[in-house]
Amino acid sequence: MKIEVEKLVLGMVSTNVYLVFYNGNCLIIDPSDEAERIIDCIEERKAKPLAILFTHGHFDHIMAAPALVKKYGIKIYAGEADRQLLEDSNLNLSRRFLGEDFTLEADEYVKGGDELRFEDLKFKVLYTPGHTVGSISFYTEDLADNEAFKKAAFTGDTLFAGSVGRVDLPTGNEDTMKRTLNEVIKKLPPDTAVFPGHGAATTIEREIMHNPYLR
Ligand SMILES: [Zn+2]
């Protein structure tokens, strides 16, 4: 499988929106905001969107989803324990940051260990709580023909290059984050490319060497 990952940085807190293109298809990960820019990018490639995936329920990862659902009629996948965030504007922080109540419903709620298949691309759902109680990461090692990397993880606000997500927001928990980092993130293969919810891409190997939170 060859995939191409395009990153758009959108919305009021510069969230990474990932468009994963393969075989004429496209997956949309964390559509933060500015749906028209996401749509432009998909249309430019003449790709067929298959699904929307949320790494977690914070407002800055989900707000363009309704417009994309309306345009393409595709399903939203989210972690089951973050359903409460999607449905509650205090928990998803839209009330605090935007002064308005933004809520939505996903179509499919998934949990750690689930395997998702979108045409030829398979993702394993990793349960990675700590930033929020229902944070998940999407992992694939289905990329033998890919040149830049063979394995990839979309980690949302769990792991960043050189840092990790905040644990002081509603449903966040420091001990849980530590457990996620030790028991899930550090156990990923070192050559896994990491695509975080904010900032630059990295690899598991680089983070194990340089990220103070993974010591
Ligand atoms: Zn977040």
Side-chain angles (χ1 to χ4, degrees), residues 5 7-20 27-35 37-38 52-66 68 76-106 109-112 123 125-139 152-181 184-185 188 194-202 207 211-214:
V5 178
K7 176 174 98 171
L8 303 175
V9 183
L10 303 178
M12 70 176 289
V13 290
S14 300
T15 304
N16 293 339
V17 180
Y18 293 107
L19 299 177
V20 182
L27 293 174
I28 305 161
I29 301 179
D30 287 352
S32 67
D33 204 355
E34 304 180 65
R37 292 199 42 202
I38 299 170
I52 296 167
L53 311 181
F54 292 160
T55 59
H56 64 293
H58 281 150
F59 78 100
D60 63 309
H61 295 254
I62 64 175
M63 291 203 21
L68 296 168
I76 299 173
Y77 292 74
E80 62 177 3
D82 259 13
R83 181 173 188 158
Q84 52 182 322
L85 275 76
L86 301 179
E87 295 175 351
D88 183 327
S89 60
N90 288 311
L91 295 181
N92 70 34
L93 306 173
S94 60
R95 171 133 291 274
R96 194 198 296 187
F97 283 85
L98 306 172
E100 63 180 73
D101 294 313
F102 180 87
T103 58
L104 55 65
E105 280 274 352
Y109 289 97
V110 301
K111 58 185 189 309
F123 274 124
V125 177
L126 308 176
Y127 182 44
T128 49
H131 176 64
T132 65
V133 68
S135 285
I136 54 178
S137 298
F138 300 100
Y139 173 71
F154 295 85
T155 57
D157 291 359
T158 298
L159 178 66
F160 301 132
S163 186
V164 297
R166 290 172 62 169
V167 293
D168 61 333
L169 297 167
T171 81
N173 184 293
E174 189 173 2
D175 291 337
T176 309
M177 176 65 98
K178 279 185 189 151
R179 201 175 321 129
T180 287
L181 295 172
V184 184
I185 298 296
L188 288 172
V194 174
F195 297 96
H198 301 270
T202 181
E207 292 317 299
N211 189 326
Y213 294 92
L214 292 186

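Just so it is clear, the structure is predicted and the values come from calculations on it, not from any experiment. For ligands, and for the atoms within them, numbers begin at 1 and follow the listed sequence. Note: hydrogens, waters and symmetry copies are ignored here, and every other heavy atom, side chains too, is used.
Within His58, the N/O/S atom positioned nearest the Zn ion (ligand 1) carries the name ND1.
The Zn ion (ligand 1) forms the vertex of an angle spanning NE2 of His131 and OD2 of Asp157; to the nearest 10 degrees it equals 90°.
Side-chain atoms of His131 never come within 3.5 Å of backbone atoms of Val167 as a donor-acceptor pair (strictly under, hydrogens ignored).
Under 2.8 Å from the Zn ion (ligand 1) lies no N/O/S atom of Asp60, from backbone or side chain alike.
Residue Phe59 is tested with Phe54, Phe97, Phe102 for a ring-ring contact (aromatic ring centres under 6.0 Å, His included); the sole match is Phe97.
The shortest non-hydrogen separation linking Leu181 to Tyr213 is CD1-O, 3.7 Å. Closest approach of Leu104 to Ala65, counting heavy atoms only: CD2-CB, 4.1 Å.
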